[in-house]
S.K.: 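The structure's right below; bear with me while I get my questions together.
Counting convention: from 1, in listed order, for ligands and their atoms alike.
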Amino acid sequence: MFKFLKDKLKQVVSRFSQQVKEEEAAQVSPPVPVSPPAPGPEAGLEEQKRAEPAQVPAPQAPAPLPEQPLKPVQKPAPKPAPRAIPPKQPSSLPYRTPALAPQPALQPPAQPQKEQPAQKKGIFQKITERFTKTIISSQKFDELFTELEIALLEGNVAIEVIEKIRDDLKREIVDTPFSRGRVEDIITQNLKKSISGLFIAPGVDLLARISGKKPFVICFVGVNGSGKTTALAKLGRLLQEQGKTAVFAAADTFRAASIEQLQEHAAVLGIKVIRHDYGSDPAAVAFDAISYARAKGIDAVLIDTAGRLHSNTNLIDEMKKIIRVAKPDLTLFVGESITGNDCVEQARQFSEAIPIDGIILTKADIDEKGGAAVSVSYVTKKPILYLGTGQGYSDLQEFRPEMVIESLGLS
Ligand code: GDP
């Protein structure tokens with residue numbers, strides 16, 4: 001599930017962190033030829049440190065220095081004014097660290113005030129930070145996000161969701177110093193935090209609600225072929241497993257064979273179907289099913305409706321009438337996860353036409369991208385209640401945001 005997006009995110013984040021590492025290494029080594037031309041043992045060591053930032057943490061350690069002391073020699077003549085570092089360093093280093101500078105209590109105690117020590121310390125700290133901290137500028141972040149944005153778009157994530165992720169990451173990452181070597185981790189953790197925040201709508205404890213009202217009426221709406229009938233049958237089975245009784249209302253009187261399809265499921269599950277003829281008023285079917293449930297003391301009425309596009313005014317009006325007559329306790333939009341942005345757009349349009357309480361995303365088992373699951377709740381402000389994960393009756397998983405986080409490799 002969601003493998004495509006998972007792989008893409010991983011690639012982009014790793015590539016970026018690699019790029020940051022390389023740039024840091026480049027920034028630190030070539031341009032500042034601190035050591036004078038005369039080689040000497042110290043010079044080799046300095047070069048080594050700059051070229052190998054990871055080795056710095058123990059600043060005073062001798063460090064083996066065999067490999068390539070050749071660099072200074074290779075540069076023949078340029079160098080206009082090489083040894084001008086000391087005066088400029090204090091204020092011009094881009095790597096200021098807000099946290100480290102004001103730490104008076106931690107200074108080594110027995111260092112009163114000698115000539116240079118204080119100054120030397122400042123420089124030393126800054127150099128150390130330069131080796132140990134990463135700061136991502138706004139410009140660098142934009143570079144990262146361009147790639148991330150493409151990955152998210154390819155993964156069918158909705159534009160407004162991408163914008164939210166961008167704002168979240170930018171706020172957390174830009175100009176915030178963090179330990180070197182942690183770029184990938186920091187970005188991943190912030191992505192996780194941002195995506196977790198997309199599932200803002202509270203879930204619905206369906207079973208508790210069904211226990212609270214009899215009959216509890218659930219209406220399933222969505223476009224054709226999205227998996228409404230299958231989801232309805234799965235939910236009927238789930239209710240049975242919880243000791244609840246249900247009746248199905250065959251309120252899709254529009255599409256040929258829809259009633260028979262529902263009846264087939266009902267026969268397997270041993271659930272009663274209330275049906276009228278094709279072409280009859282679906283609201284009347286729903287009404288009859290509710291009356292039947294009331295009369296028989298049945299816990300839940302599950303209403304199957306015809307698939308429709310928001311642009312089909314007649315069918316949308318018909319759906320509004322079903323809602324008016326049946327007054328469902330819960331109206332669920334059923335959308336195909338694999339259709340990505342289309343699914344999100346449909347959910348938005350349905351929820352503008354009628355009050356939607358929650359979403360079932362079907363075919364999550366064959367969705368490699370995952371954009372709909374990431375986006376739909378944020379866009380509609382409605383919770384995803386279940387994921388359809390196959391064609392069997394038990395292939396219905398209660399939705400948890402952590403599933404998405406895990407499937408995207410962000411946990
Ligand atoms: P409806 O027109 O909205 O009622 O859609 P159906 O319930 O008839 O489903 C359309 C097709 O999608 C059927 O072949 C179902 O078996 C299939 N389907 C429904 N839910 C899922 C699911 O979660 N995973 C997979 N792989 N197929 C599903």
Side-chain angles (χ1 to χ4, degrees), residues 1-4 156 206 218-239 246 248-269 271 273-275 278 282 285-286 289 301-312 315-316 318-319 322-323 328 330-340 342-347 349-351 353-354 356 358-374 376 384-400 403-404 407:
M1 213 164 57
F2 310 160
K3 185 171 183 313
F4 174 90
N156 280 339
L206 189 57
I218 307 176
C219 189
F220 295 75
V221 300
V223 304
N224 233 333
S226 64
K228 289 179 300 301
T229 312
T230 310
L232 178 149
K234 289 173 179 178
L235 203 62
R237 147 94 181 233
L238 182 76
L239 294 181
F248 292 165
D252 178 357
T253 58
F254 183 76
R255 183 172 61 90
S258 63
I259 299 177
E260 287 72 22
Q261 188 192 345
L262 184 63
Q263 272 183 320
E264 269 178 40
H265 288 306
V268 174
L269 299 169
I271 289 177
V273 179
I274 302 299
R275 59 168 292 180
Y278 284 104
V285 181
V301 179
L302 309 189
I303 304 172
D304 192 20
T305 65
R308 62 201 84 214
L309 290 174
H310 73 286
S311 50
N312 186 325
L315 282 177
I316 291 292
E318 182 195 86
M319 181 175 69
I322 299 173
I323 302 292
L330 201 66
T331 301
L332 300 180
F333 172 81
V334 181
E336 281 175 289
S337 181
I338 36 169
T339 60
D342 284 349
C343 171
V344 173
E345 209 35 52
Q346 288 155 8
Q349 285 159 352
F350 269 76
S351 70
I354 54 165
I356 299 287
I359 295 161
I360 296 181
L361 278 186
T362 62
K363 310 186 190 180
D365 51 312
I366 48 172
D367 182 10
E368 288 289 281
K369 298 199 168 178
V374 169
V376 74
I384 303 172
L385 301 190
Y386 293 98
L387 291 184
T389 54
Q391 291 176 293
Y393 290 111
S394 55
D395 294 328
L396 187 70
Q397 279 185 28
E398 201 168 325
F399 179 81
R400 291 176 301 109
M403 281 176 181
V404 176
S407 299

S.K.: Pair Arg237, Ser394 - check side-chain contact (heavy atoms from CB on, under 4.5 Å), show working.
M.R.: CA-CA 8 Å; Arg237 147 94 181 233; Ser394 55; 4.2 Å; yes
S.K.: Could you find the nearest protein heavy atom to atom 10 (C) of ligand 1 and give me its residue, atom name and distance?
M.R.: Gly225 O, 3.6 Å
S.K.: Any idea how Phe333 and Phe350 line up, ring-wise: parallel (<30°), tilted (30 to 60°), or perpendicular (>60°)?
M.R.: tilted
S.K.: Does Gly222 offer a backbone N or O that forms a donor-acceptor pair with the side chain of Ser226 under 3.5 Å?
M.R.: no
S.K.: Verify the ring-centre separation between His265 and Tyr393: is it less than 6.0 angstrom?
M.R.: yes
S.K.: Can you name the atoms of ligand 1, numbered from 1 with element, that are less than 4.0 Å from a heavy atom of Gln261?
M.R.: 6 (P), 7 (O), 8 (O)
S.K.: Judged by atom type as modelled, is there a donor-acceptor pair below 3.5 Å linking the side chain of Tyr386 to the main-chain atoms of Thr362?
M.R.: no
S.K.: Flag Asp304 as yes when one of its N or O atoms lies below 3.5 Å from any N or O atom of ligand 1, and as no otherwise.
M.R.: no
S.K.: Would you mind listing which atoms of ligand 1 come within a distance below 4.0 Å of any non-hydrogen atom of Thr389?
M.R.: 23 (O)
S.K.: Looking only at the side chains, is there a donor atom on one of Asp365 and Thr389 sitting less than 3.5 Å from an acceptor on the other?
M.R.: no
S.K.: Can Arg275 and Glu260 be said to form a side-chain contact (heavy atoms from CB on, under 4.5 Å), step by step?
M.R.: CA-CA 10 Å; Arg275 59 168 292 180; Glu260 287 72 22; 4.3 Å; yes
S.K.: Can you check whether Phe220's main-chain N or O pairs, donor with acceptor, with Thr305's side chain at less than 3.5 Å?
M.R.: yes
S.K.: Quick check against the 3.5 Å criterion: does Lys228 have a side-chain atom that pairs as donor or acceptor with the backbone of Val223?
M.R.: yes
S.K.: Within the 4.0 Å heavy-atom shell around Arg255, which atoms of ligand 1 are there?
M.R.: 2 (O)
S.K.: Does Glu336 come within less than 4.0 angstrom of ligand 1, counting non-hydrogen atoms of the residue?
M.R.: no
S.K.: State if Gly222 counts as touching ligand 1 under the rule of any non-hydrogen atom under 4.0 Å.
M.R.: no
S.K.: Please compare Lys363, His265, Lys234 and report which has the shortest non-hydrogen distance to atom 18 (N) of ligand 1.
M.R.: Lys363
S.K.: For ligand 1, which atoms, with element, lie under 4.0 Å from some heavy atom of Gly227?
M.R.: 1 (P), 3 (O), 5 (O), 6 (P), 7 (O), 9 (O), 19 (C)
S.K.: Could you check whether any heavy atom of Gly307 sits closer than 4.0 Å to an atom of ligand 1, since that is the contact criterion I want to use?
M.R.: no
S.K.: Is there a nitrogen or oxygen of Gly390 sitting under 3.5 Å from a nitrogen or oxygen of ligand 1?
M.R.: yes
S.K.: Which ligand 1 atoms are under 4.0 Å away from a heavy-atom of Gln391?
M.R.: 14 (O), 15 (C), 16 (O), 17 (C), 25 (C), 27 (N), 28 (C)
S.K.: Just to confirm my output: which protein heavy-atom neighbour is closest to atom 7 (O) of ligand 1, and how far is it?
M.R.: Thr230 OG1, 2.6 Å
S.K.: Between Asn312 and Arg308 (side chain of the first, backbone of the second, donor and acceptor by atom type, cut-off under 3.5 Å), is there such a pair?
M.R.: no
S.K.: Below 3.5 angstrom, do we get any N/O pair linking Thr362 and ligand 1?
M.R.: no
S.K.: For ligand 1, which is the ligand I care about here, please tell me if Gly388 has any N or O atom under 3.5 Å from one of the ligand's N or O atoms.
M.R.: yes
S.K.: Is it the case that over 12 heavy atoms from other parts of the model lie below 6.0 angstrom from the CD atom of Glu368?
M.R.: yes
S.K.: Which option wins on minimum heavy-atom distance to atom 26 (N) of ligand 1: Asp365, Leu361, Ile338?
M.R.: Asp365
S.K.: How far is atom 4 (O) of ligand 1 from its nearest protein heavy atom, and which residue and atom is that?
M.R.: Thr229 OG1, 2.6 Å
